[in-house]
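For reference, the structure is listed below as structure tokens.
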There are 2 protein chains.
Amino acid sequence: MIKFNRTTEYGLMALRHMSRKQLMDPSEVTSAREVADTYGLPFEITAKTLLRLKDSGLIQSAHGAKGGYTLQKSLEQISLAEFLDLMEGRQSLVACAIDSDESLLDCAYGNRCEIKHVMGRLNEKVARFLSGIQLSEITQESFNKGSSP
Amino acid sequence: MIKFNRTTEYGLMALRHMSRKQLMDPSEVTSAREVADTYGLPFEITAKTLLRLKDSGLIQSAHGAKGGYTLQKSLEQISLAEFLDLMEGRQSLVACAIDSDESLLDCAYGNRCEIKHVMGRLNEKVARFLSGIQLSEITQESFNKGSSP
DNA sequence: TGAAATCGGACTCTAGCTATCGTATATCAG
DNA sequence: CTGATATACGATAGCTAGAGTCCGATTTCA
Ligand code: FES
Ligand code: FES
């Protein structure tokens, strides 16, 4: 149903790591090697993940020895929806209802399926839900525990 | 991020079909062949899907010619969370946080990962969100369009 | 000059989703 | 009784995306 892929989680772990480090000294840089070694992650994938975060504008990079990454955007300004878009690409509940318009693209049953429109609206509902979650809620401890159980 | 698999959508299409049919005459039965032919779905998978719905107690089966399936449970009593559990198995945002307890099972980074607890709470939040959606909202037209944008 | 870092591509391996085939069993109509 | 139409069930193949690995190029600091 709903599941993060590995790179998404690696990215969250890295962002949390950098966020905590830069709380004290904002000039501190973090290398992919450091993140991988700290948490036991595969180095190459960690490097690719950080590169992706950099290409997305979330972090900054510095080449060469003593180089590494630093946070560029405040994690309060990024929603989980945006982050998932960046890491895993825009997804949809069903293949043919990413947007209400470009629907029939890769769905063979688009013309006969009667639940497409409903799926589109449900999709928007999910997107709103994910947009309401700040990345800082995840990378910091103290994630809102009790709501209405 | 979040995506239904095919059998889940086939199941929803079938439930909607049966629901509409039985609105007028509750004694009407629906065969897998009928569903598959109506919507152009592969027959074998449709049959397997309906069988799964029957094993889950959502629908009833009648063997032999003139046999088929009939709705057993009211679709208002089933949440999207339950349905996804039935169709795709209990899933989690991350591999190691299905429940707050049995966490470290199949996650290699469980001991070092610092976002596991947060992921667990986020997972519960998603579950509450999906539990708040009735299956009838999907199988009927008129899915709640505007909430808080 | 070498070590450490970002950058980039190509490749394998695997698990899970999707689909198909074949077969057994049950029921109704004639 | 027989054939048509159902459900029920298992085995299997193809495919795709995810995850991980390997190799190389470039940049920068000491
Ligand atoms: S939304 Fe694609 S077949 Fe229904
Ligand atoms: S929750 Fe599994 S590694 Fe973080």
Side-chain angles (χ1 to χ4, degrees), chain A residues 1-11 13-14 18 28-37 39-56 58-70 72 84 87-95 106-109, chain B residues 1-11 14 18 28-37 39-56 58-70 72 84 87-96 106-109:
Chain A
M1 49 196 270
I2 170 167
K3 191 166 204 167
F4 292 169
N5 62 25
R6 278 289 191 217
T7 57
T8 300
E9 193 182 352
Y10 295 167
M13 293 167 76
M18 298 169 66
E28 285 226 46
V29 298
T30 305
S31 71
R33 177 69 61 187
E34 175 185 335
V35 173
D37 287 351
Y39 303 106
L41 311 179
F43 166 72
E44 288 86 359
I45 297 187
T46 306
K48 276 186 173 47
T49 301
L50 289 176
L51 181 58
R52 184 158 197 167
L53 293 179
K54 178 249 173 185
D55 287 339
S56 305
L58 273 68
I59 59 180
Q60 243 174 345
S61 74
H63 276 216
K66 305 287 178 184
Y69 297 97
T70 51
Q72 191 168 33
L84 288 172
M87 297 304 290
E88 314 189 358
R90 173 65 58 87
Q91 293 295 328
S92 169
L93 285 177
V94 285
D106 47 0
C107 180
Y109 312 112
Chain B
M1 49 196 267
I2 169 168
K3 192 166 203 166
F4 293 169
N5 61 26
R6 277 290 191 216
T7 57
T8 300
E9 193 182 353
Y10 294 167
M18 297 169 67
E28 285 227 45
V29 299
T30 306
S31 70
R33 175 72 59 189
E34 175 184 337
V35 174
D37 287 351
Y39 303 106
L41 311 180
F43 165 73
E44 288 87 359
I45 298 188
T46 306
K48 276 186 173 47
T49 301
L50 289 175
L51 180 59
R52 183 159 197 166
L53 293 179
K54 177 251 175 183
D55 288 338
S56 305
L58 273 70
I59 60 180
Q60 244 173 345
S61 73
H63 276 215
K66 305 287 179 186
Y69 297 96
T70 51
Q72 190 167 33
L84 288 172
M87 297 303 291
E88 313 188 359
R90 172 66 57 87
Q91 294 294 329
S92 168
L93 285 176
V94 285
C96 56
D106 47 0
C107 180
Y109 313 112

End-to-end axis angle, where each axis spans five pairs of the helix from dT1(C)-dA30(D) to dG30(C)-dC1(D), to 10°: 0°
Kindly compute the distance separating OH (Tyr39(A)) from CD (Glu34(A)), expressed to the nearest 0.5 Å. 8.5 Å
If you measure from CD1 on Ile45(B) to OG1 on Thr49(B), what distance do you get to the nearest 0.5 Å? 7.0 Å
Can you tell me how far the CG atom of Leu53(A) sits from the OG atom of Ser61(A), to the nearest 0.5 Å? 11.5 Å
Can you tell me how far P of dG18(D) sits from CG of Leu41(A), to the nearest Å? 19 Å
With sequence neighbours excluded, what pairs up with Gln60(B) under the side chain to side chain contact (heavy atoms under 4.5 Å, CB included) test? Thr70(B), Gln72(B)
Scan residues 42-52 of chain B against DNA chain D and write down, sorted by residue number, each residue with any heavy atom closer than 4.0 Å; if none is found, say none. Lys48(B), Leu51(B)
Taking all non-hydrogen atoms of both residues, which atom of Phe4(B) and which atom of Leu84(B) are closest, and how far apart? CE2-CD2, 3.7 Å
Are any of Lys54(A)'s side-chain N or O atoms less than 4.0 Å away from OP1 or OP2 of dC7(C)? yes
Report all interatomic pairs (protein N or O, nucleotide N or O of nucleotides 1-5 of chain D) with separations under 3.5 Å.
residue : atom : partner  : partner atom : Å
dT5(D)  : O2   : Ala65(B) : N            : 3.1

CZ of Phe4(B) versus P of dT18(C): gap in Å, rounded? 13 Å
Measure from CG on Asn5(A) to C1' on dA15(C) and round the result to the nearest Å. 15 Å
From CZ of Arg6(B) across to C1' of dA19(C) the rounded distance in Å is 12 Å
To the nearest angstrom, how far is Tyr69(A) atom OH from dT28(D) atom P? 14 Å
Would you mind reporting whether Leu50(B) and Tyr10(B) have side-chain heavy atoms less than 4.5 Å apart? no
Would you mind reporting whether Thr7(A) and Arg52(A) have side-chain heavy atoms less than 4.5 Å apart? no
I need the CD-C1' distance between Glu88(B) and dG16(C), as an integer number of Å. 12 Å
Could you tell me which residues satisfy salt bridge (charged side-chain N to carboxylate O under 4.0 Å, His left out) with Glu28(A), sequence neighbours excluded, listed by chain and number? Lys21(A)
Do the side chains of Ile59(A) and Met18(A) get nearer than 4.5 Å, heavy atoms only? yes
At a heavy-atom distance below 4.0 Å, what parts of residues 29-37 of chain B sit against DNA chain C? none
Rounded to the nearest 0.5 Å, the CZ atom of Arg6(A) sits from the CG atom of Leu41(A) at a distance of 9.0 Å
Looking at Asn5(B), is its backbone amide N or carbonyl O close enough to the side chain of Glu88(B) to form a donor-acceptor pair, meaning the two atoms are under 3.5 Å apart? yes
Integer-rounded Å distance: dC17(C) C1' and Lys3(B) NZ: 12 Å
Hey, does Arg33(B) have a side-chain heavy atom less than 4.5 Å from the side chain of Thr46(B)? no
Taking all atoms of both residues into account, what is the closest heavy-atom pair of Ala32(B) and Ala47(B), and its distance? CB-CA, 3.8 Å
Any side-chain N or O of Tyr10(B) less than 4.0 Å from the OP1 or OP2 oxygen of dC17(C)? no
Should Val35(A) and Met13(A) count as side-chain neighbours, where that means a heavy-atom distance under 4.5 Å? no
With a 4.0 Å cutoff (strictly under), does any side-chain N or O of Ser61(A) reach OP1 or OP2 of dC7(C)? yes
Does His63(B) put a side-chain nitrogen or oxygen below 4.0 Å from OP1 or OP2 of dA8(D)? yes
